[in-house]
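Shown next, in structure tokens, is the structure this report addresses.
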Amino acid sequence: MLTFLELTMMLLGIVHFGLPLFYYVYIRTKLNRPWNLNIDRDYRPRISLIVPTFNEGDFIEAKLSDIVKQDYPEDRIEIIVVDSASSDGTIDLAEAWNARHLNYNIKLLTEPDRRGKARALNLALRHAEGEIVVVTDADAFLRQHSLKEAAALFSDSTVGAVTGIILAERRKNRDNENAEIYESIYRFHHNIIRIAESKIHSTPIFNGQLMFFRKDYLLQLGGFSLDVGADDSYTATLVALAGYRAIAVPEAVVYEPMPRSMRSYMSMKARRALHLVQTFRKILNRLPRAPSRFKPVLAVEAFLHLINPWLLLASGSIFLLSFIVDGPTFLKLVVAVMIVGMMLVKRAREFLFTWVANQLILAYSILRSFRSHELCWKKIEK
Ligand code: GDD
Ligand code: MN
């Protein structure tokens, strides 16, 4: 017989692991569905490509060279670098690069002080002349066809926003191998879910490393919000709530180098989680009016980001409590053996670690979100 505590622990655990698993299995069935869009693959709209920078001296030249390697007609790209008072000469390096590549249309904007990425993006937006605005981080590198594949999707007028999918860059001989392993596991599942959600209607989670917006829609929203850190996911969710598609596509791939140490990797994850939590908290009251096909996706994601982490913590705490109250019963032994069993298998151990770490980071971020917005964040060494 199960005790009351054991029953509660089981129920919470089943919901915590069962719901995401069920969602994952269900959503995977949508992965290979057609887009349900009318796409002209040869469509090449004029694009304004914004690169926001704060102390990106290590990356800016490589980033600009990476952009011009894209197979997109030169005369249809405008590059806008917007720098917020970097102290490492980022803008000088960008200027020097520009002097060597005069055939590109490039604008260099500087802010006198740093007030966050969103504000910098809004400044760039006022200078953007293209129909499509692309935002791409200085420390993110694109696979060669990413730009043209994503831009062509805007030939369908229902597409409002597009994001790329991220692969954690694997570098040899580095001391952050674990961060690369955990990030790869996370990204693998994350990317599948993003694409599948996009096939249904839209995904609320965008990757600021590479995102495209139809400029008119962005202007209708008043640009990037200045009170939410997630310039990516929050903006995309607003686009989807307005009825346009906000989609993640597998053709647009971005490579991202990982932070130097496990510690800085964790603090990067914590900030990104905080920004996602802010997004879901802020759009919660608009959920009832979401487009019908987007609504379930948004509801599940809001649940997974705001509530589900607490179920794991509650279930784990009750497990310990029940150990004290009822002693080591059969059920607890089974659970303990299952956990130890998973720890012994490398792949299972890595997955468990990634899962639990993400849940703890989310729970911590939910608490933090009541007092911190983190619109300007600490630069993480790569
Ligand atoms: N101009 C300007 N001003 N650019 C900034 C500022 C700022 O105050 N802060 C950061 N940036 C630039 C960085 O130089 C980089 O190009 C990009 O914005 C992203 O910042 P990172 O420091 O690299 O953060 P990240 O890789 O974790 O960013 C991810 O999460 C953010 C939200 O937490 C990406 O998805 C971002 O796009 C997203 O905004
Ligand atoms: Mn980055």
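Side-chain atoms are counted along with the backbone in the values below, which use heavy atoms only and exclude waters and symmetry mates. All residue numbers refer to positions in the sequence shown, counting from 1. As the structure lists them, so they are numbered: ligands from 1, and atoms in each ligand from 1.
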> Which is it for V51 and ligand 1 at heavy atoms under 4.0 Å: side chain, backbone, both or neither?
Replying inline: neither

> Do any of the N/O/S atoms of D139, backbone or side chain, fall under 2.8 Å from the Mn ion (ligand 2)?
Replying inline: yes

>> Treating T158 as the side-chain partner and R245 as the backbone partner, does any N or O pair qualify as donor plus acceptor under 3.5 Å?
In response: no

> Of W310, W355, F22, which meets ring pair (Phe, Tyr, Trp, His ring centres under 6.0 Å) against H16?
Replying inline: W355

> Looking at N105, L64, I47, which hits side-chain contact (heavy atoms from CB on, under 4.5 Å) with I79?
Replying inline: L64

> At a 4.0 Å threshold, what atoms of ligand 1 neighbour a non-hydrogen atom of V82?
Replying inline: 1 (N)

> Side chain or backbone of K117 under 4.0 Å from ligand 1, or both, or neither, by non-hydrogen atoms?
Replying inline: both

>> Taking 4.0 Å as the limit for heavy-atom contacts, which would you say applies to A120 with ligand 1: side chain only, backbone only, both, or neither?
In response: side chain

> Taking 4.0 angstrom as the limit, do R194 and E197 come out as a salt bridge?
Replying inline: yes

> Does D231 approach ligand 1 within less than 4.0 angstrom via side chain, backbone, both or neither, non-hydrogen atoms only?
Replying inline: side chain

>> Applying a heavy-atom cut-off of 4.0 Å, say which part of E111 lies close to ligand 1: side chain, backbone, both or neither.
In response: neither

> Would you call E6-K332 a salt bridge at under 4.0 Å N-O?
Replying inline: yes

